[in-house]
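Just so we're clear, the structure is a prediction, and the values are computed from it rather than from any experiment.
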Amino acid sequence: ELKVEQNPLFLSMQEGKNYTIYCNYSTTSDRLYWYRQDPGKSLESLFVLLSNGAVKQEGRLMASLDTKARLSTLHITAAVHDLSATYFCAVDVPSGGSNYKLTFGKGTLLTVNP
Amino acid sequence: EAQVTQNPRYLITVTGKKLTVTCSQNMNHEYMSWYRQDPGLGLRQIYYSMNVEVTDKGDVPEGYKVSRKEKRNFPLILESPSPNQTSLYFCASSRQGAGMWSQPQHFGDGTRLSIL
């Protein structure tokens with residue numbers, strides 16, 4: 001059974017600081033997604049990482065994927081309050097034929113304080 | 001506008017009273033899925049569908065049914081709801097494909113179910 005573990009689960013940081021959220025998974029996959037969820041809202045896609053070494057950046061967020069280490073990171077640069085949200089990683093693995101199954105981590109609740 | 005629409009958004013009901021949560025997408029996506037979100041557990045997949053008339057169990061299918069008679073619709077059915085099915089439910093869809101054609105899932109706004 002695939003396990004997807006995020007660390008930390010709770011992160012409180014000051015504006016202007018940098019930090020990294022980690023996503024480890026237990027089986028081979030080269031398809032990983034990062035989502036953001038604001039309180040009471042739906043999930044919004046942030047990044048799609050489809051190969052070893054993939055790096056994507058959007059504003060103050062940068063995501064990377066190391067398929068050999070089964071690790072993805074979401075790096076936050078110079079945090080601002082608007083980044084406060086819950087961040088989920090999700091891993092896609094084959095489930096037979098051309099089917100894929102998406103498994104989510106438990107999420108990292110990020111709070112950026114002034 | 002591309003979207004996934006769930007109804008109802010909120011529902012309070014009683015144990016044993018059958019209910020259906022509808023999900024519809026207008027993006028002609030092949031893949032659709034239902035998740036439940038519970039505090040401390042993240043999102044767990046209930047059922048998914050690769051295309052019309054093709055469905056499969058996710059991680060927590062017990063107590064739920066689905067059907068996929070049309071490409072755009074994927075209703076979630078609780079035949080005899082119980083309090084442990086009180087949760088926030090999300091429907092999602094995506095264009096499914098391997099490798100470079102992988103697309104992220106688009107999520108609906110969620111349905112908050114309370115089973116008393």
So which bits of residues 34-42 of chain A come within less than 4.5 Å of chain B, counting non-hydrogen atoms only? A:Tyr35, A:Gln37, A:Lys41, A:Ser42

Residue by residue, scan residues 105-114 of chain A and write down, ordered by number, those that have a heavy-atom distance under 4.5 Å to chain B; if none do, write 'none'. A:Gly105, A:Lys106

Residues that A:Tyr19 engages under ring-ring contact (aromatic ring centres under 6.0 Å, His included), provided they are two or more places apart: none

Determine whether more than 12 heavy atoms belonging to other residues, nucleotides or ligands lie under 6.0 Å from atom CZ of B:Arg44. yes

Reported CG-to-CG distance for the pair B:Leu43 and A:Leu102, which is rounded to 0.5 angstrom: 9.0 Å

Establish whether A:Leu61 and A:Leu65 are linked, either directly or via other cluster members, by ILVMFWY side-chain heavy-atom contacts under 4.5 Å. yes

Should A:Met13 and A:Leu74 be counted in the same cluster of Ile, Leu, Val, Met, Phe, Trp and Tyr side chains packed under 4.5 Å apart? yes

Would you compute the distance between atom CG of A:Leu43 and atom OH of B:Tyr35 and round it to the nearest 0.5 angstrom? 9.5 Å

Other residues, nucleotides and ligands only: do more than 12 of their heavy atoms fall within 6.0 Å of CD on A:Glu58? no

Could you state whether B:Ile46 and B:Leu78 fall into the same hydrophobic cluster, counting links through intermediate Ile, Leu, Val, Met, Phe, Trp or Tyr residues with side-chain heavy atoms under 4.5 angstrom apart? yes

So if you build clusters from Ile, Leu, Val, Met, Phe, Trp, Tyr with side-chain heavy-atom gaps below 4.5 Å, do B:Leu113 and B:Phe90 land together? no

Assigning hydrophobic clusters by single linkage (Ile, Leu, Val, Met, Phe, Trp, Tyr; side-chain heavy-atom cutoff under 4.5 Å), is A:Tyr25 placed with A:Tyr22? no

Could you list which of residues 4-25 of chain B have a heavy atom closer than 4.5 Å to any heavy atom of chain A, in residue-number order? none

